[in-house]
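First up is the structure itself, then whatever we jot down about it.
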Amino acid sequence: MHFSKMLIPTLREVPADAEAASHVLMLRAGYVRQLASGLYIYLPLGIRVMEKINRILREEMNAIGAQEITMPVLHPAEVWQETGRWSEIGDEMFRLKDRTGRDMCLGMTHEEIMTWLAVREIRSYRDLPQVWYQIQEKLRDEARPKSGILRTREFLMKDSYSFDADEEGLEKNYKLHADAYHKIFSRCGLDFFMVQSDPGMMGGATSHEFMAPSPAGEDDVVFCDVCGYAANVELALSNPEKIEIMEWEFEDVHTPEKRTVGEVSNFLKLRPEYFIKSLLLISDSGPLLALVRGDQELHEKKVNRIIGKHRPASKEEVREILGVEAGFIGPVNQKLRIIADACLQDGIYVSGANKPHYHSKGIRPGRHFTAEWHDITLAKKGDTCAKCNALIRIERVIEIGNIFMLGTKYSAPLKAFYLDEKGEEKPIIMGSYGIGPARIAAAAIEQNHDKDGIIWPKSIAPFGVEILPLNVKDAGTMKTTERVYNDLTAKGIEVLMDDRDERAGVKFKDADLIGIPIHIIIGEKNLKEGLIEIKDRRTKEIMKVKIEDTIEHIASSW
RNA sequence: CGGGGCGUAGCGCAGCCUGGUAGCGCACACGGUUCGGGACCGUGUUGUCGAAGGUUCAAAUCCUUUCGCCCCGACCA
């Protein structure tokens with residue numbers, strides 16, 4: 001491919017709207033352009049990268065017996081109404097009506113439609129298992145598109161769905177997908193790992209996410225380097241730092257105008273770890289008190305799993321329900337249901353005395369109050385592993401893939417049943433598995449770039465080699481360039497030739513920005529000695545090689 | 001949806017506070033010199049100042065409304 005014939009609009013300056021490294025570099029190097037918030041145009045270089053990634057996806061999916069099909073992006077509402085998600089999902093779903101007034105939506109995922117197909121085409125246990133996948137656009141009206149192509153409103157997704165007769169079948173397909181995903185992300189040159197995750201609105205019991213470490217990510221993951229425990233902080237279990245137990249006697253202490261843990265802690269000269277933070281929550285079944293240690297944060301999703309939908313009470317509600325101002329509430333003598341973080345079972349604490357401007361010191365959990373004990377705090381630095389007690393690590397990551405065991409969540413309401421060997425009707429057991437190719441590309445850049453530009457892993461680079469003839473007006477240079485270009489092309493290596501009549505500096509800068517892993521530099525001085533240069537984009541090391549040995553050198557480093 | 005920031009030439013920005021003929025750099029066009037890390041000199045082209053309404057003799061600038069984009073948070077199959 002000739003550079004001069006390709007649309008590669010590189011930018012010298014950093015676009016004002018871009019923040020994340022991958023976003024800045026994809027714009028500057030001419031891979032994408034933004035149409036509107038969360039909507040991107042992929043330019044020729046961008047398409048090449050996406051196609052490289054998609055090819056790897058297809059190869060690995062086909063290798064586990066998955067079959068590619070395609071699904072419409074426009075869906076009738078009825079299918080989504082049958083599973084209840086039409087009403088469960090809010091503004092994130094793009095909805096519209098067709099000309100006859102029929103409710104429609106744009107597909108944000110395809111469980112319903114895949115199941116719809118399974119309902120019609122799978123009758124017998126003999127038809128199972130099946131794994132179907134597609135690489136198609138998904139549309140979601142994201143509350144906040146961000147970081148370039150990392151979170152967009154329209155995006156490509158490889159989504160596969162497994163259909164099995166029983167749980168063992170599902171587990172097998174789940175494992176096959178987990179293994180395939182490991183291969184896919186390794187082949188794409190990513191640093192990644194698999195963690196336990198919260199199934200969220202997908203439903204189902206077990207799910208894992210594949211995460212690529214990067215400061216541009218949106219999730220935090222807890223790791224234990226000792227036992228290997230890895231989980232999204234959305235559900236990660238951990239033990240807060242242990243504290244020395246103080247043998248205080250129970251007493252009420254005057255704490256005028258001191259309301260927050262910070263204020264009381266300063267006033268009494270006691271570390272926040274010795275406080276119980278009492279929070280009044282309003283759930284569907286009424287008000288209740290949630291207790292966490294003073295240095296901990298309540299984790300809403302964990303609480304959600306215990307009491308269902310809830311919200312924090314307003315200041316007025318606290319006064320109405322508990323009869324005291326928010327800063328002075330505590331667990332002692334409460335008639336409300338109390339859920340408390342498990343770490344509070346041990347120790348002696350300070351908390352609100354349930355009367356204005358007083359706190360109680362010497363509160364002994366179990367004696368002065370009782371509660372339902374759960375892990376309801378957000379895992380944080382300094383906590384120890386819930387499994388092996390080693391110190392945990394927290395890392396920021398980009399979610400690049402996920403796998404869910406769905407069970408019968410979709411097959412039951414949509415009536416996707418099959419007949420087993422005994423002629424009994426049973427629901428199909430399903431799994432769903434997603435990968436975002438654009439996130440692979442973005443994560444690859446986040447993990448592989450330097451101040452000069454992108455450094456693509458070979459497997460997903462838009463071209464294998466870029467040739468830089470420094471002076472296109474020199475006949476000798478161009479003769480050698482053509483020769484090398486043709487030889488490499490004949491070897492099946494994709495080559496970008498910078499045939500523009502530009503100064504050498506411009507070509508070097510653009511080549512570094514674009515990030516093709518190997519550059520072949522052809523200049524007049526070296527040519528006189530029969531040499532060309534091969535440069536490694538990552539290390540910037542340059543090797544001078546005889547013209548006739550070029551192909552061999554490239555091939556051997558492939 | 002809450003908080004913050006920004007919309008002026010293709011890109012990056014100044015001008016706004018204190019109203020008075022819209023600027024700078026890059027890019028682009030032409031001429032010349034240059035030619036291995038985003039060259040230099042000269043000449044030139046490019047704008048509904050996001051939009052609407054208002055105040056004023058006069059609005060990029062002040063006021064009101066509105067739209068868009070970015071960041072933080074909430075949310076995120």
Side-chain angles (χ1 to χ4, degrees), chain A residues 9-20 23-24 27-30 33-39 80 83-86 88-93 105-114 138-148 150-153 155 157 159 161 197-204 207 209 216-219 232 234 300-301 304 311-312 399 401-404 406 409-410 432-434 436 439 451-453 468-474 477 498 500-514 519 521-527 532-533 535 540 542 544:
Chain A
T10 57
L11 265 23
R12 183 192 294 244
E13 289 179 275
V14 178
D17 283 346
E19 190 105 339
H23 189 196
V24 170
L27 287 169
R28 285 196 58 209
R33 287 295 182 261
Q34 181 178 13
L35 172 65
S37 181
L39 298 174
W80 287 82
T83 59
R85 286 163 116 193
W86 179 263
E88 269 169 38
I89 296 171
D91 293 336
E92 213 182 323
M93 182 185 269
C105 66
L106 300 181
M108 46 195 300
T109 177
H110 283 80
E111 281 76 16
E112 276 79 357
I113 314 304
M114 284 280 182
K138 300 282 180 277
L139 289 114
R140 295 181 193 173
D141 196 357
E142 290 285 350
R144 182 148 104 83
K146 57 178 286 199
S147 307
L150 269 180
R151 178 167 292 275
T152 55
R153 294 193 289 181
F155 60 99
M157 183 166 177
D159 44 328
Y161 303 82
S197 74
D198 180 358
M201 90 173 188
M202 289 300 303
S207 68
E209 287 165 326
E218 299 179 276
D219 287 287
N232 195 311
E234 286 176 1
E300 271 189 54
K301 288 197 171 164
N304 221 346
R311 59 174 176 83
E399 180 187 347
N402 51 39
I403 53 179
F404 296 93
L406 299 175
K409 162 143 186 172
Y410 299 92
S432 84
Y433 317 87
R439 286 192 169 185
K451 65 173 174 40
D452 295 315
L468 289 78
L470 297 185
N471 181 5
V472 297
K473 289 183 182 133
D474 176 62
T477 299
D498 192 347
R500 296 174 301 168
D501 184 10
E502 284 286 355
R503 300 167 63 84
V506 173
K507 295 191 180 194
F508 287 134
K509 287 287 182 192
D510 275 346
D512 285 348
L513 237 195
I514 290 166
H519 302 164
I521 300 156
I522 300 180
E524 290 171 81
K525 282 172 202 153
N526 285 312
L527 228 42
I532 55 94
E533 291 164 78
K535 177 179 152 187
K540 304 229 159 131
I542 291 176
K544 290 192 186 180

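Basis for what follows: all heavy atoms, side chains included, without hydrogens, waters or symmetry-related copies.
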Rounded to whole Å, the NZ-P distance (A:Lys146 to B:A74) equals 10 Å

Rounded to whole Å, CD of A:Glu19 lies from C1' of B:C72 at a distance of 10 Å

Exercise for the section: Classify the nucleic acid contact of A:Phe155 as base, sugar-phosphate or nothing, counting any heavy atom under 4.0 Å across all strands shown. Expected result: base

Check: How far does the P atom of B:A27 sit from the matching atom of B:U66, given to the nearest Å?
Finding: 41 Å

Quiz item: Using atom P of each nucleotide, how far apart are B:U8 and B:C13 to the nearest Å?
Solution: 10 Å

Please determine, by modelled atom types, if A:Lys138 and A:His110 share a side-chain donor-acceptor pair under 3.5 angstrom. yes

Side-chain contact check for A:Pro15: nearest option of B:G38, B:G37, B:G12 is B:G12

Is there a donor N/O on one and an acceptor N/O on the other, under 3.5 Å, for the side chain of A:Glu13 and the base of B:G38? no

Closest non-hydrogen atoms of A:Pro145 and A:Arg153, given as atom of the first, atom of the second and distance, are CG-CG, 3.8 Å

Note to self: Over all strands shown, is A:Met157 touching base, sugar-phosphate only, or nothing at heavy-atom distances under 4.0 angstrom?
What the structure shows: base

* To do: Output yes when A:Arg439 and A:Glu218 qualify as a salt bridge under the 4.0 Å nitrogen-oxygen rule, no when they do not.
  => yes

request  = Would you tell me whether A:Gln34 and A:Asp17 have side-chain atoms, one donor and one acceptor, within less than 3.5 Å of each other?
outcome  = no

With rounding to whole Å, what would you report as the distance between B:C75 and B:C11 at their P atoms? 35 Å

Inter-nucleotide P distance (B:U65, B:G19), Å rounded: 22 Å

Of the candidates B:C13, B:G38, B:C76, the side chain of A:Ala16 sits closest to B:C13

Rounded to whole Å, the CD-P distance (A:Glu218 to B:A74) equals 11 Å

pair_partner(B:U56), Watson-Crick or wobble, both distances < 3.5 Å, evaluates to none

| said: For A:Thr10, is there any backbone N or O sitting under 3.5 Å from a side-chain donor or acceptor partner on A:Arg28? | reply: no

Please work out if A:Gln34 contacts a base, only the sugar-phosphate, or nothing of the nucleic acid, heavy-atom cut-off 4.0 Å. sugar-phosphate

To the nearest angstrom, the CE-C1' distance between A:Met108 and B:C76 comes to 8 Å

Taking a pair to mean Watson-Crick or G-U wobble geometry with both distances below 3.5 Å, B:U66 pairs with B:G50

Answer for the Watson-Crick or wobble partner of B:C1, both distances under 3.5 Å, is B:G73

For B:G38, the nucleotide meeting Watson-Crick or G-U wobble distances (both under 3.5 Å) is none

Could you measure between the two P atoms, the one in B:G53 and the one in B:A58, and give it in whole Å? 15 Å

Taken to the nearest whole Å, CG/A:Leu27 to P/B:C70 is 11 Å

Of A:Lys507, A:Glu502, A:Arg500, the one forming a side chain to side chain contact (heavy atoms under 4.5 Å, CB included) with A:Val472 is A:Lys507

Minimum side-chain heavy-atom gap A:Met93-A:Asp141 below 4.5 Å: no

**Item:** Side chain A:Arg28 and base B:G38 donor-acceptor under 3.5 Å
**Value:** yes

message: Side-chain N or O of A:Arg503 versus OP1/OP2 of B:G37: is the shortest distance under 4.0 Å?
response: no

For B:U43, the nucleotide meeting Watson-Crick or G-U wobble distances (both under 3.5 Å) is B:A29

Review point. Taking atom types as they are modelled, is there a donor-acceptor pair under 3.5 Å from the base of B:G36 to the side chain of A:Asn471?
Key: no

Within the structure shown, what part of the strands sits under 4.0 Å from A:Ala36 by heavy-atom distance: base, sugar-phosphate, or nothing?
-> sugar-phosphate

Separation of B:G36 atom P from A:His519 atom NE2, nearest Å, is 18 Å

Requested in this report: Taking atom C1' in both B:C16 and B:C49, compute the distance separating them and give it to the nearest angstrom.
Outcome: 11 Å

Ranking B:C69, B:G38, B:G25 by distance to the side chain of A:Asp510, first place goes to B:G38

Please confirm whether the shortest side-chain N or O distance from A:Ser37 to OP1 or OP2 of B:G68 is below 4.0 Å. no

Closest to the side chain of A:Leu513, out of B:G36, B:G38, B:C70, is B:G38

The nucleotide from B:A27, B:C72, B:G36 with an atom nearest the side chain of A:Arg12 is B:A27

Quiz prompt | Verdict with reasoning, A:Arg85 to A:Glu111, per salt bridge (Lys or Arg N to Asp or Glu O under 4.0 Å) | solution = CA-CA 11 Å; A:Arg85 286 163 116 193; A:Glu111 281 76 16; 3.5 Å; yes

### Query
What distance, rounded to whole Å, do you find between the two C1' atoms, one in B:A22 and one in B:A59?
13 Å

**Prompt:** Do other residues, nucleotides or ligands put more than 12 heavy atoms under 6.0 Å from the CG atom of A:Asn304?
**Reply:** yes

With the side chain defined as heavy atoms from C-beta on, A:Lys535 is closest, among B:G12, B:C71, B:G37, to B:G37

Taking for A:Glu300 and for A:Ile542 the nucleotide of RNA chain B with the nearest heavy atom, the one nearer the 5' end belongs to A:Ile542

Margin query: Taking B:G50 as the reference, what is the distance to B:A60 when you measure between their P atoms (whole Å, please)?
Written below: 10 Å

When rounded to whole Å, the NZ to C1' distance for the pair A:Lys301 and B:C76 reads 7 Å

Quick note, A:Glu92 side chain, CB onward, closest among B:C76, B:A27, B:C71 is B:C76

Task: Polar side-chain contact A:Lys544-B:G36 base: donor and acceptor under 3.5 Å - done: no

Picking from B:C76, B:G37, B:G38, the nucleotide nearest the side-chain atoms of A:Arg151 would be B:C76

Report task. Pick base, sugar-phosphate or nothing for A:Glu533, based on heavy-atom distances below 4.0 Å to the nucleic acid. Result -> base

Is there a donor N/O on one and an acceptor N/O on the other, under 3.5 Å, for the side chain of A:Asn526 and the base of B:G36? yes

Using a heavy-atom cut-off of 4.0 Å across all strands, would you classify A:Thr477 as base, sugar-phosphate, or nothing? nothing

